[in-house]
Amino acid sequence: MSYASVAEVLGGKIAVDSQITVRGWVRTRRDSKAGISFINIHDGSCFDALQAVVPAELSNYENEVQKLTTGCSIAITGVVVRSQGKGQSFELQATNVRVYGWVEDPDTYPMSPKRHSMEYLREYAHLRPRTNITGAVMRVRHTLAQAIHRFFDERGYLWVSTPIITTSDCEGAGEMFRVSTLDMLNVPKTEDGKVDFSQDFFGKEAFLTVSGQLNVESYASSLSKVYTFGPTFRAENSNTSRHLSEFWMVEPEVAFADLNDIAGLAADMLQYVFAAVLRERPDDMAFFAQRIKADAVERLQAIVDSEFVHMDYTDAIEILQNCGEKFEYPVEWGVDLQSEHERYLAEKHVGGPVILKNYPRDIKAFYMRQNEDGKTVAAMDVLAPGIGEIIGGSAREERLDILDKRIEEMQLPKEEYQFYRDLRRYGTVPHAGFGLGFERLVAYVTGVQNIRDVIPFPRAPKSAAF
RNA sequence: UCCCCAGUAGCUCAGUUGGUUAGAGCGGUGGACUGUUAAUCCAUGUGUCGUUGGUUCGAAUCCAACCUGGGGAGCCA
């Protein structure tokens, strides 16, 4: 008895006339009084389900096969044949059907074979991977993750796992989740009435990381080309379609690189992974084009085929001021760009992703490298239509005196940055890196509008079920 | 966190100048028909009208608070 996946059968990997067993879940069943039933079975291996033709002669035809409903788990043994019907190249001529698990009450099975809203599916996060759309999203997500690792590996980057728990509250990227084993009903206090974290698990305050960047810089300052790919946590009360409390981030960090180097790296990476998805998941992408976003395939192909548009912040301000568009927030040099401005640039002015560079230093983080003009820092954002910022990066300030000055100006606790300053004291080098929001990338590629639908189990404010 | 909108059958939604027994499609079930394919046709059941309180002779409908979801904004990836 040999087993095969639906993808192998439909992909022509199994020779016609050979007998195999396919295991999975029933999507639909149709009975024909000609004495056969058609069962569509899916197993997650590809977008399409496999059609099995089940003859009425099977011993369990009446009491089992004809009672199968959407969601039942089964194994079908049969012979691979070329399909007599339209809609599929191959099908399975069944000789045996084994039922693993019935659907307790078909009337209330949440994943009926009809169109469900994304909001509804989210309430059944444990069952939604059985749907077309979540299955397709997860295959594309996997392909993107694999392509990212492959991209960096082929270029000599090392994957560095930066810590998820941190005792540094100075990462500066947002509100942090506390990690503690203290008894919340009986919190130990110091003499001056504060919480005595010396009695906590790590002997001091601890949090979940908001970014691996500061840590990974130390590995870039020795292994030269590194990247992180792991979970990140932000305790911000963000209720939008593009924020999660727990999300995955890809953060390359490159020694001896400047802003243009990593802007180029970001563009190369996006083109590489888009090409991989188009090549490896045409079935899922065709579905997104059909049901989610009509130009899903063309727009990725267009990005793969063309140069990325680079633009200086200063030039972007000028474009926004002279475009004739009415903005809610006025545009002038020195302000941070609002969503409406980013949207205009990516969606209307460029019509695709755009790389914005060299922002005013006063609206950016302390670690970004100061430019010669004294006004801007070597920072960049990659803005994508429909999503906004999917990548944020910069050259890092490698000159200790300038970094210290910046820490003082921004009134940050210098003593907390000892390890970070050490990297500038011992063999400092120019270096740069960026952070890619992985779920934002998946959302952009699939066209799915809400980021909560491109991660298996979304975590967001007031929402961490499953 | 702020602004706006929504919550009615398993799902998608209609229904509110306050008034008797709250509707449709899909799904489920039964049947007809068919190498079918989100099949088609006939029949059939289904409701704490988000929660709590208020106004009223009477509330799915009006009011308030809360909960949940959506869109937008801010924070950011």
Side-chain angles (χ1 to χ4, degrees), chain A residues 27-41 48-55 66-67 69-71 81 83-88 91 93 103-124 131-132 171-175 210-213 228 231-251 266 291 328-329 336-343 363-365 381-384 387-393 434-444 449-453 455 460-463 465:
Chain A
R27 176 144 290 145
T28 56
R29 187 198 89 235
R30 298 173 296 279
D31 299 324
S32 165
K33 279 299 180 298
I36 51 176
S37 286
F38 299 94
I39 296 173
N40 279 63
I41 180 174
D48 289 312
L50 174 67
Q51 172 164 284
V53 184
V54 185
Q66 288 201 301
K67 294 194 169 88
T69 56
T70 305
V81 297
S83 180
Q84 295 176 32
K86 291 177 180 171
Q88 60 277 318
E91 63 189 19
Q93 192 68 46
V103 166
E104 196 176 86
D105 178 8
D107 189 34
T108 55
Y109 177 58
M111 298 295 111
S112 63
K114 57 156 292 179
R115 190 167 195 155
H116 295 292
S117 67
M118 299 306 281
E119 295 79 36
Y120 173 77
L121 292 178
R122 218 173 288 148
E123 293 175 36
Y124 296 92
T131 63
N132 277 336
E171 292 181 0
E175 293 295 311
V210 293
S211 166
Q213 182 203 318
T228 73
T232 305
F233 307 87
R234 304 269 167 99
E236 244 104 46
N237 194 8
S238 298
N239 293 292
T240 79
S241 57
R242 55 193 184 281
H243 288 87
L244 290 165
S245 305
E246 175 183 297
F247 63 99
W248 286 60
M249 192 150 64
V250 179
E251 297 174 288
R291 286 277 291 277
E328 190 181 341
Y329 295 89
D336 209 353
L337 295 181
Q338 303 290 320
S339 286
E340 57 176 346
H341 306 140
E342 296 183 348
R343 276 216 150 104
I363 58 172
K364 288 292 182 183
D381 285 348
V382 179
L383 309 178
I387 307 277
E389 184 181 347
I390 60 170
I391 288 177
F434 65 76
L436 163 77
F438 184 58
E439 282 76 19
R440 288 187 179 177
L441 178 73
V442 180
Y444 179 71
Q449 300 219 334
N450 195 311
I451 199 166
R452 299 182 191 195
D453 302 319
I455 188 167
K462 299 278 186 294
S463 176

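A, B, ... follow the sequence lines: proteins, then strands. Residue 1 opens every chain. Excluded from the calculations below are hydrogen atoms, water molecules and symmetry mates; all remaining heavy atoms, backbone and side chain alike, are included.
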*Which whole-number value in Å describes the distance from Glu175(A) CD to C75(B) P?*
14 Å
For nucleotides 48-50 of chain B, print each protein N/O atom paired with a nucleotide N/O atom at under 3.5 Å, atom names and distance only.
none

*Partners of Ser32(A) by side chain to side chain contact (heavy atoms under 4.5 Å, CB included), sequence neighbours excluded?*
Ala34(A), Ile36(A), Phe38(A)
*asked:* Tell me every residue that passes ring-ring contact (aromatic ring centres under 6.0 Å, His included) with Phe434(A), counting only those two or more places apart in sequence or in another chain.
replied: none
*Atom CE of Met118(A) to atom P of G69(B): distance rounded to whole Å?*
15 Å
*Between G74(B), U29(B), G71(B), which nucleotide has the shortest distance from any of its atoms to the side chain of Ser241(A)?*
G71(B)
*Choose from A39(B), C75(B), G35(B) the nucleotide whose nearest atom is closest to any side-chain atom of Thr28(A).*
A39(B)
*Checking all strands, does Val53(A) fall into the base, sugar-phosphate, or nothing category for heavy-atom contacts under 4.0 angstrom?*
base
*asked:* Could you tell me how far C13(B) sits from C49(B) if I compare only their C1' atoms? Round to whole Å.
replied: 13 Å
*Taking atom C1' in both A14(B) and G7(B), compute the distance separating them and give it to the nearest angstrom.*
15 Å
*Report the distance from atom CG of Asn237(A) to atom P of G74(B), rounded to the nearest whole Å.*
15 Å
*Rounded distance (Å) that lies between atom P of C75(B) and atom NZ of Lys364(A)*: 10 Å
*Which part of the nucleic acid does Tyr329(A) contact within heavy-atom distance under 4.0 Å: base, sugar-phosphate only, or nothing?*
sugar-phosphate
_Side-chain touch Tyr109(A)/Thr69(A), heavy atoms, less than 4.5 angstrom_ = no
_Non-hydrogen atoms of Leu244(A) and Glu439(A) that approach each other most closely_ = CD1-CG, 3.8 Å
_U17(B) to G69(B) separation - P atoms, rounded to the nearest Å_ = 31 Å
*asked:* Going by the rule salt bridge (Lys or Arg N to Asp or Glu O under 4.0 Å), which residues pair with Asp31(A) if we only count those two or more places apart in sequence or in a different chain?
replied: Arg29(A)
_Please enumerate all residues that pass side chain to side chain contact (heavy atoms under 4.5 Å, CB included) together with His243(A), with sequence neighbours excluded._
Ser238(A), Thr240(A), Arg440(A)
*Can you list the residues that meet the side-chain hydrogen bond (donor to acceptor under 3.5 Å, both in side chains) rule with Thr28(A), with sequence neighbours excluded?*
Arg30(A)
*For Arg452(A), which residues count as a salt bridge (Lys or Arg N to Asp or Glu O under 4.0 Å) partner, sequence neighbours excluded?*
none
*asked:* Under 3.5 Å, is there any donor-acceptor pair linking the side chain of Arg242(A) to the base of A77(B)?
replied: no
*asked:* Looking at Arg30(A), I'd like to know whether one of its side-chain N or O atoms comes within less than 4.0 Å of OP1 or OP2 on A39(B).
replied: yes
_Letter per nucleotide, 5' to 3', of nucleotides 8-15 of chain B [B base touched, S only sugar-phosphate touched, - untouched; heavy atoms, 4.0 Å]_ = --SBS---
*Ignoring backbone atoms, test whether Gln338(A) places a side-chain nitrogen or oxygen under 4.0 Å from the OP1 or OP2 oxygen of A73(B).*
no
_Rounded interatomic separation in angstrom, taking CD from Glu123(A) and P from A6(B)_ = 19 Å
_What stems show up for RNA chain B when you take Watson-Crick pairs (N1-N3 plus N6-O4 or O6-N4) and G-U wobbles (N1-O2, O6-N3), both under 3.5 Å, and require three or more consecutive pairs?_
B:1-7 with B:67-73, B:10-13 with B:23-26, B:28-32 with B:40-44, B:50-54 with B:62-66
*What is the minimum heavy-atom distance between Thr70(A) and Arg27(A), and which atoms define it?*
OG1-O, 2.8 Å
*List for me each residue that meets salt bridge (Lys or Arg N to Asp or Glu O under 4.0 Å) alongside Lys364(A), sequence neighbours excluded, and say none if there are none.*
Asp381(A)
*Choosing from G35(B), A77(B), A73(B), which nucleotide comes nearest the side chain of Ser83(A)?*
G35(B)
_If you assign each of Glu119(A) and Asp31(A) to its closest nucleotide in RNA chain B, which residue comes earlier from the 5' end?_
Asp31(A)
*Have a look at Glu389(A) and say if it touches a base, only the backbone sugar-phosphate, or nothing, with a 4.0 Å heavy-atom cut-off.*
sugar-phosphate
*Min side-chain heavy-atom separation Leu383(A)-Arg343(A) under 4.5 Å*: no
*Where each residue is assigned the nucleotide of RNA chain B containing its nearest heavy atom, which of Leu436(A) and Pro461(A) is assigned the position nearer the 5′ end?*
Pro461(A)
*Out of C76(B), U36(B), U1(B), whichever nucleotide has its closest atom nearest the side chain of Phe38(A)*: U36(B)
*Presence of donor-acceptor pair under 3.5 Å, side chain of Gln449(A) and base of G71(B)*: no
*G58(B) to U20(B) separation - P atoms, rounded to the nearest Å*: 15 Å
*Distance-only donor-acceptor check, side chains Gln88(A) and Ser83(A), under 3.5 Å*: yes
*Hey, does Glu91(A) reach any base, or is it just sugar-phosphate, or nothing, if we go heavy atoms under 4.0 Å?*
base
_At 4.0 Å (heavy atoms only), tell me whether Asn450(A) reaches a base, stays on the sugar-phosphate, or touches nothing._
sugar-phosphate
*Nearest-Å distance, CZ (Arg29(A)) to P (G27(B))?*
13 Å
*With Asn239(A) via side-chain hydrogen bond (donor to acceptor under 3.5 Å, both in side chains) - residues at least two apart*: Asn237(A)
*Output yes when at least one side-chain N/O atom of Arg343(A) is less than 4.0 Å from OP1 or OP2 of A73(B), else no.*
yes
*Using atom CG of Leu244(A) as one end and atom C1' of C75(B) as the other, report the distance to the nearest whole Å.*
14 Å
*When all nucleic acid strands are considered with a 4.0 Å heavy-atom cut-off, which category describes Glu251(A): base, sugar-phosphate, or nothing?*
nothing
_Does Thr69(A) reach a base, just sugar-phosphate, or nothing at all? Heavy atoms under 4.0 Å._
sugar-phosphate
*asked:* In this structure, how many angstroms lie between the P atom of G74(B) and the CD atom of Glu340(A), rounded?
replied: 8 Å
*asked:* For a quick check, tell me whether the side chain of Ser238(A) and the base of C75(B) share a donor-acceptor pair closer than 3.5 Å.
replied: yes
_Between U68(B) and G50(B), how many Å separate the two C1' atoms, rounded to a whole number?_
7 Å
*Within less than 4.0 Å of OP1 or OP2 of G74(B), is there a side-chain N or O belonging to Ser339(A)?*
yes
*Which nucleotide sits closest to the side chain of Gln88(A): C76(B), G74(B), G35(B)?*
G35(B)
*With C1' as the reference atom in both, quote the distance from C67(B) to U51(B) in angstrom, rounded to an integer.*
7 Å
_Test of understanding: with side-chain hydrogen bond (donor to acceptor under 3.5 Å, both in side chains), list the residues that count as partners of Thr228(A), not counting sequence neighbours._
Glu251(A)
_Nearest atoms (heavy-atom pairs only) where Ile455(A) meets Glu246(A)_ = CD1-O, 3.7 Å
*Using the P atom as the reference point in each nucleotide, state the distance between G72(B) and G35(B) in Å, no decimals.*
49 Å
